[in-house]
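Right, one structure below, let's go through it.
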2 protein chains.
Amino acid sequence: MAVRAARTGRPSIHDVASHAGVSAATVSKVMHGVTTVKPDNVRKVYAAVETLGYRADPLASDLRRAKRRIIGAIVPEFESEFFGSMITELERSAEQRGYTLVATSSRESQDRELELIQRMQDWRVAGVILAPVRDEHGPAARFMRENDMTGVLIDRVLADDSFDTVSADSASASAGVAAALVEKGHRHVLVIGLGEQAATVRARLDGFKAAAIELAPDMVTDIILSESDVGPLRGALHDYFSKGSRPTAVYSLFAKGTLVALSEFRRRGWRCPEDISLVGFDDAEWMQVTWPTIAAVVQPVHSIAEQAMDVLFGRIAGYGGKPVASLPKCQILMRESVGAPRHGPRAGEDS
Amino acid sequence: MAVRAARTGRPSIHDVASHAGVSAATVSKVMHGVTTVKPDNVRKVYAAVETLGYRADPLASDLRRAKRRIIGAIVPEFESEFFGSMITELERSAEQRGYTLVATSSRESQDRELELIQRMQDWRVAGVILAPVRDEHGPAARFMRENDMTGVLIDRVLADDSFDTVSADSASASAGVAAALVEKGHRHVLVIGLGEQAATVRARLDGFKAAAIELAPDMVTDIILSESDVGPLRGALHDYFSKGSRPTAVYSLFAKGTLVALSEFRRRGWRCPEDISLVGFDDAEWMQVTWPTIAAVVQPVHSIAEQAMDVLFGRIAGYGGKPVASLPKCQILMRESVGAPRHGPRAGEDS
DNA sequence: TTGAAAGCGCTAACAA
DNA sequence: TTGTTAGCGCTTTCAA
């Protein structure tokens, strides 16, 4: 009796069957807890499983059932704390339900985003969590629509009428930032963002402007949106200050922007918050240990992941209601980098 | 003629076959570029593929070939820049060779590490890149050995005689740090690390001590190793300073330690580098934009990933030589957080 | 309560 | 040059 299959070197369900003196079908039943198997056979099967070290091949099993217990995830990058913890949470949640998460990175490329969603489709994943590069109208989302894929859109998205969406309530977070800045006395704020992230930029910008105007009608809001990449933003920001613009605070709509702003301040010898205040989207561990500590909008990563998976598995189970749009709230951590505006020239400036 | 398969809703190879008026085998041949197919049939198959939007199911294909074009990766966490870029690089490299990377996180747990490697085995992946929680003797590596899995160990590992290993040359990097600190005039350095990461801690520590003693025989090296977690380290570090120890520099052997050190300095009102110098393993984007900029050892992420994948695919291709141990070099960025030791009491200290 | 048979989507051997 | 046949490892009727 061959104890091991010839090809893979691992015992198959047939090896277990012959070892236990039953059929493969019976083994399958035992493995799935079907109760109509004679107790004696159940025992024999378990014994065989034990001695052979048998473990089912989930992919072969999925093939037959025509339903893969795999959830695909596509995020714009792996390098940030935000998406890193997002993947961690999604993975945990998927595994809790007996699924495996296959996480991929679009590396901020819409072309790659499309390739990835196609691969997910090729893999016949049960569902997809897509964090698009730009917004809910990107190529991947379109592909999902055209191919009736089941999935949920997260992060850089607004409400959509084909898919459920979950994203931080950027608008209200921005309103909170505006309120905090106004309260400190700021009346001239520079907002920087990435135009590429169409969905969220709009919400964050509108939320800020609306609240600012309401709370301080004399508020001046400058805006720098870099279309494609972070590089141009760096230049635009430098030009902006070089032309003499002197906002008392900068609000960055995305994580890298906060770094770009800090870098520009450093270049000019400006200190936070003495010379200029700074607050940005996305918290990071380092922000609470540096000098100064950096004020940040904390996105509810856990809630986003949890809610996204909840509705995704609802859809997988066949729920057919209209798409829902969730907007879990952010938290604002006003740290040292935000102070009252100073009067008079900054460090390194002539009168 | 049924254009779509009943079960998955997607056309199968048989749909293409009947649509093109050939057999499934012929379609398969065309898809694989076999040249013994009549040009006319090639054209017909392509046409059918086009109109049906056919794409092969890679998992079904792999099942039959008894070889999955999947590489599994297990890293301790997704949240750090280091492992984030590592996954990005591994993914890129795997895809270049026509494989899909399935990345998972052990969340710094050895139990989970074992479960994950078992799942990789269940999935019959072609190979595994394992970044163990602790070292090359962990449960996952043992499982790989016992089950003849093909894989490569990276990061927190030393040379191994079952598996190829790739990790940054921690010892020489630490020697470089020692040299730089000695050169600045430091003669009392505190080194902090995580005992849990047995493999790298040893190399980094030994490298530092050896070089320090050689370059400055009067060097005093204090060491705090927190066994399990970062939490205890925080306490130990606080106690250490509270007891009056006054090194002029701190060298952190791991990324989080750098944050813990900064946090402790902040708590005491000490400034870098005026009151104490700081240098740590692992660079991060924020380190070059904060005040002060933080000195760091930059690990060669790209090289590690590239070399690991090179040797992994060599093994997959059947190469049977003895395991190799690669040690790509680190780069040391000595930034503002490292200065000459000051004389006299620090800020906030009596006498 | 069981197992033979069929088949998920694909590929590989072989005969024609 | 092609199609038939026989599976990969598993599940699922369905007849016994």
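What you see is a predicted model, and the numbers here were worked out from it, not measured in a lab. Letters go in sequence order (proteins before strands), and every chain restarts at 1.
Here B/V42 pairs with B/V30, B/V37, B/Y46 under the side chain to side chain contact (heavy atoms under 4.5 Å, CB included) rule; sequence neighbours left out. By the side chain to side chain contact (heavy atoms under 4.5 Å, CB included) test, A/P323 is found to be paired with A/D164, residues two or more places apart in sequence or in another chain being considered. With sequence neighbours left out, A/S303 forms a side chain to side chain donor-acceptor pair (under 3.5 Å) with no residue at all. For B/T100, the side chain to side chain contact (heavy atoms under 4.5 Å, CB included) partners at least two apart in sequence or on another chain are A/R119, A/W123.
Within the structure, every side-chain polar atom (N or O) of A/T36 is placed at least 4.0 Å from both OP1 and OP2 of C/dT1. For the pair B/S28 and C/dT11, the criterion of a side-chain N or O lying under 4.0 Å from OP1 or OP2 is met.
Atoms NZ (B/K67) and C1' (D/dG9) sit 17 Å apart, rounded to a whole Å. Separating the CZ atom of A/R69 from the C1' atom of D/dC10 is a distance of 10 Å, rounded to the nearest angstrom. Between B/D62 atom CG and D/dC10 atom C1' there is a gap of 16 Å when expressed in whole angstrom units. Atom pair B/L59:CG and D/dG9:P shows a separation of 14 Å (rounding to whole Å applied). For the pair B/H14 NE2 and C/dG7 C1', the computed distance is 10 Å after rounding to whole Å. Atom pair A/R10:CZ and D/dC8:P shows a separation of 16 Å (rounding to whole Å applied). For A/D15 and D/dG9, the CG to P distance is 8 Å, given to the nearest whole Å. Between the P atom of D/dC8 and the CD1 atom of A/I13 lies a distance of 13 Å, rounded to the nearest Å.
Annotation: of the two residues near DNA chain D, B/T35 and B/R68, the 5′-most nearest-nucleotide partner is B/T35. Each of B/K38 and B/A60 was matched to the nucleotide of DNA chain D holding its nearest heavy atom; the match closer to the 5' end belongs to B/K38.
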Would you tabulate the nitrogen or oxygen pairs shorter than 3.5 Å linking the protein to nucleotides 3-5 of chain C?
from	atom 1	to	atom 2	distance (Å)
C/dG3	OP2	A/S23	N	3.0
C/dG3	OP2	A/S23	OG	3.4
C/dG3	OP2	A/T26	OG1	2.7
C/dG3	N7	A/K29	NZ	3.4
C/dG3	O6	A/K29	NZ	2.9

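Under the side chain to side chain donor-acceptor pair (under 3.5 Å) criterion, the residue pairs touching residues 149-158 of chain A are A/E108-A/R156, with sequence neighbours excluded.
Of the candidates D/dT11, C/dA12, D/dT1, the closest approach to any side-chain atom of A/H32 belongs to D/dT11. In the set C/dG9, D/dG7, D/dC10, the nucleotide with an atom closest to the side chain of B/R64 is D/dG7.
Using a 4.0 Å cut-off between charged nitrogen and carboxylate oxygen, B/E50 and B/R43 do not count as a salt-bridge pair.
At the heavy-atom level, B/A56 lies under 4.0 Å from the strands shown only through sugar-phosphate atoms.
Taking the centre of each ring, B/F313 and B/Y99 come in below the 6.0 Å mark.
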